Engineer: 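The structure is given below, and queries will be raised subsequently.
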Amino acid sequence: MNAFDVLLERGFIATEDDGTPKQVTDMKIRDILEKKSIACYIGFDPTATSLHVGSLVQIMVLAHMQRAGHRPIALVGGGTAMVGDPSGKSEMRKMLTAEDIEQNMAGLKKQLSRFIEFSDDKAIMVNNADWLSPINYIEFLRDYGVHFSINRMLAAESVKLRLEKEQGLSFLEFNYMLLQAFDFLHLIKNNDCILQMGGDDQWGNICAGIDLIRRVERKTGYGITFPLITTASGAKMGKTEKGAVWLDGDLCSPLDYYQFWRNADDRDVKKFLGLFTFLPMDKVNELGELQGKDINEAKRILAFEATKLNHGEEAAKTAQETVEKIWSGDKKGADIPSLEVESSELEEGILAAELFFKLNLTPSKSEAKRLIKKGGASVNDERIQAFDFKITTSHLQEGEILLRAGKKKYAKVVVK
RNA sequence: GGUGGUGUACCCAAGUGGCCAAAGGGGGUAGACUGUAAAUCUACUGACGGACGUCUUCGAAGGUUCGAAUCCUUCCGCCACCA
């Protein structure tokens, strides 16, 4: 099957009610993907040291492309990150220093490598700062500025939105579109990259690139965008204030990562299986049919597969075992966060709230006390009643003490 | 450059001298109910302290006042119109 149909089938590409694909600049791209091997790209912003699950759609798309025999290019917006994309944002983005960007890029490559094979240039990562930085303003205006129509740019949805809102739009941000268009032009010239993809907030930028390519190179570029994935409850995926679900294991442990998927909304399970695993579609459909509590089996598989992709099979197995041990009531030796304490300390008794805080079960001691008051904290699965409850050696069970915050977060204390 | 407006906690948004750690909503967390789901109901949601106490917070720095998010001064950011 060609890459286009794969993406379509797995739910990456939005469709009309009758099933015809939306957000594709030209359906010819389907035939092209069928008949030959091409290079395609997606841009990532190096705004943090880690990507989070919000970028996973883009990553998976590149991975599917590679599997179908195409060559993915991950473009890191090292140059454009210094400008800021107005698309979809109500605020101006903070600008980053070159050092920040450098550091972030390294993180991104590491993470992308888990999904995409970069060896032998089967995929490449490029930084648009390489060609954007040397640009000379006058030359750029003369050579490319002539090709951009302000009228057309103003009509772009992303720009229109900002103009309507009271935030307005600075000239700096307005230029983002030109730079991104230039990226595409650069890649089609130097890497034969004829396809750009991205989130659907990138539609206008992608079209601008295609336009520019037609005018300058007399070639045809193609674009496909993907709808923003929201959870069934309407929230943007993986972007909770406190816990953006990062791909980096240091920022979000494999265990938490596993649990994130395990706790997916019923209504999202089928969609997620298609988007975020490589399971064959008949398997996905089969799992998607499950109803009622049987759907937990599908979530189990989703969590495992998703974790495997990001953290590797070993980590996924460990996470799954740990979680299932805990839920089956067997908490001994589970691989959960732990803290060592001196036995003398424990003999005197340690404030439970203190331990909850130290084990990151709560962000502060106050929060821990609140949790206890709410009845959400327990020691060895017994609810703590008093906010100044002390934990002592009497709570030791086979050398450890199990702490639990809420239903799902566990940690343990062990004696040195 | 001129005029007017605006800057509040994770986000949106009230608040124009004390009753403001700051209404309301969203989000988040917890409890009940369940299927580690959803929906619903309830509670919590600055930090620290044995909960009535202290400290830090309302763009920044100063000032007036017994007392300021609220008044004054300067500065910074953003917005709109004019030029």
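Letters go in sequence order (proteins before strands), and every chain restarts at 1. In this text, all values refer to a predicted model and were calculated from it rather than measured experimentally.
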Engineer: With a 3.5 angstrom cut-off on both distances, give the Watson-Crick or G-U wobble partner of U56(B), or none if there isn't one.
Structural biologist: none
Engineer: Could you let me know what A69(B) is paired to, Watson-Crick or G-U wobble, both distances under 3.5 Å, or none if it's on its own?
Structural biologist: none
Engineer: In whole angstrom, give me the gap between the P atoms of C81(B) and C71(B).
Structural biologist: 27 Å
Engineer: Counting the atoms with a prime plus P, OP1 and OP2 as sugar-phosphate, which does Ala377(A) contact under 4.0 Å by heavy atoms, base, sugar-phosphate, or nothing?
Structural biologist: nothing
Engineer: Nearest whole angstrom, please: distance from the P of A37(B) to the CG of Asp265(A).
Structural biologist: 10 Å
Engineer: Go ahead and name the base partner of A30(B); Watson-Crick or wobble counts if both distances stay under 3.5 Å, otherwise write none.
Structural biologist: U42(B)
Engineer: Looking only at N and O atoms, is any donor in the side chain of Lys409(A) or the base of U36(B) less than 3.5 Å from an acceptor on the other one?
Structural biologist: no
Engineer: Provide the distance between the two P atoms, one in G7(B) and one in C72(B), to the nearest whole Å.
Structural biologist: 15 Å
Engineer: Nearest whole angstrom, please: distance from the C1' of U36(B) to the NZ of Lys325(A).
Structural biologist: 18 Å
Engineer: Just by distance, no angles: are the side chains of Ser364(A) and Ser366(A) close enough, under 3.5 Å, to form a donor-acceptor pair?
Structural biologist: no
Engineer: Is any side-chain heavy atom of Tyr144(A) closer than 4.5 Å to one of Leu178(A)?
Structural biologist: no
Engineer: Rounded to the nearest Å, what distance is computed from the CD1 atom of residue Ile372(A) to the C1' atom of nucleotide U29(B)?
Structural biologist: 14 Å
Engineer: With a 4.0 Å limit, can you tell me whether Lys374(A) has a side-chain N or O closer than that to the phosphate oxygens OP1/OP2 of A30(B)?
Structural biologist: no
Engineer: Determine the minimum heavy-atom distance between Met1(A) and Val6(A), stating which atoms define it.
Structural biologist: SD-N, 3.8 Å
Engineer: Can you list, by residue number, the residues of residues 296-305 of chain A that have a non-hydrogen atom closer than 4.0 angstrom to RNA chain B?
Structural biologist: Asn296(A), Lys299(A)
Engineer: Distance check: side-chain N/O of Lys408(A) vs OP1/OP2 of A37(B), anything under 4.0 Å?
Structural biologist: yes
Engineer: With RNA chain B as reference, determine whether Gly376(A) or Ala264(A) sits nearer its 5' end, using the nearest nucleotide of each.
Structural biologist: Gly376(A)
Engineer: Could you let me know what G49(B) is paired to, Watson-Crick or G-U wobble, both distances under 3.5 Å, or none if it's on its own?
Structural biologist: none
Engineer: Would Lys299(A) and Asp266(A) count as a salt bridge (charged side-chain N to carboxylate O under 4.0 Å, His left out) if you check the C-alpha gap in whole Å, the side-chain angles of each, and the deciding distance to 0.1 Å?
Structural biologist: CA-CA 8 Å; Lys299(A) 290 187 190 178; Asp266(A) 280 12; 2.8 Å; yes
Engineer: Please tell me whether Gln202(A) and Gln196(A) have a donor and an acceptor in their side chains that are separated by less than 3.5 angstrom.
Structural biologist: no
Engineer: For the pair made of CD1 in Ile295(A) and C1' in A38(B), what is the distance, rounded to whole Å?
Structural biologist: 11 Å
Engineer: For atom C1', what is the distance between U56(B) and G49(B), given to the nearest Å?
Structural biologist: 15 Å
Engineer: Could you give the CZ-to-P distance, from Arg404(A) to A30(B), as a whole number of Å?
Structural biologist: 11 Å
Engineer: Measure distances between side-chain N and O atoms of Asp266(A) and base N and O atoms of G35(B), and say whether any donor-acceptor pair falls under 3.5 Å.
Structural biologist: yes
Engineer: Given side chains that start at C-beta, do those of Thr25(A) and Trp203(A) come closer than 4.5 Å, heavy atoms only?
Structural biologist: yes
Engineer: Decide yes or no for Leu62(A) and Ile59(A): does some side-chain heavy atom of the first lie under 4.5 Å from some side-chain heavy atom of the second?
Structural biologist: no
Engineer: Is Lys22(A) salt-bridged to Asp200(A), going by a charged N under 4.0 Å from an acidic O?
Structural biologist: no
Engineer: Phe260(A) has an atom CZ; how far is it from atom P of A37(B), in whole Å?
Structural biologist: 14 Å
Engineer: Does any nucleotide pair with G17(B) by Watson-Crick or G-U wobble geometry, both distances under 3.5 Å, and what is it?
Structural biologist: none
Engineer: What does the B/S/- profile of nucleotides 46-53 of chain B look like, 5' to 3', with a 4.0 Å heavy-atom cutoff to protein?
Structural biologist: -SBSS---
Engineer: Please report the distance separating the C1' of G59(B) from the corresponding atom of U8(B), rounded so that it comes out in whole Å.
Structural biologist: 10 Å
Engineer: Applying the Watson-Crick and G-U wobble criteria at under 3.5 Å, what pairs with A22(B)? Answer none if nothing qualifies.
Structural biologist: none
Engineer: Can you give me the closest heavy-atom contact between Ile73(A) and Ala39(A), atom names plus distance?
Structural biologist: CD1-CB, 4.2 Å
Engineer: Relative to the ring of Phe276(A), is the ring of Trp261(A) parallel (under 30°), tilted (30 to 60°) or perpendicular (over 60°)?
Structural biologist: tilted
Engineer: Nearest of U29(B), U36(B), A38(B) to any side-chain atom of Arg267(A)?
Structural biologist: A38(B)
Engineer: Below 4.5 Å, heavy atoms only, C-beta onward: do Glu217(A) and Leu185(A) meet side chain to side chain?
Structural biologist: yes
Engineer: What's the gap between C11(B) and G50(B) when it is taken at their P atoms, as a whole Å value?
Structural biologist: 31 Å
Engineer: When rounded to the nearest Å, what value does the distance between P atoms of G24(B) and U73(B) take?
Structural biologist: 34 Å
Engineer: So Val269(A), base contact, sugar-phosphate only, or nothing? Heavy-atom distance under 4.0 Å.
Structural biologist: nothing
Engineer: Tell me: CG of Asp256(A) to C1' of U36(B), nearest whole Å?
Structural biologist: 14 Å
Engineer: For the C1' atoms, the ones on G15(B) and on A22(B), what distance do you get once it is rounded to whole angstrom?
Structural biologist: 8 Å
Engineer: Under 3.5 Å, is there a donor on one side chain and an acceptor on the other for Thr225(A) and Gln23(A)?
Structural biologist: yes
Engineer: If the C1' atom of G62(B) is compared with that of C52(B), how far apart are they to the nearest Å?
Structural biologist: 35 Å
Engineer: With respect to the side chain of Lys407(A), which nucleotide from U36(B), A38(B), U34(B) is positioned closest?
Structural biologist: U34(B)
Engineer: Could you check which nucleotide pairs with C78(B) in any of the strands shown, counting Watson-Crick or G-U wobble with both distances under 3.5 Å?
Structural biologist: G5(B)
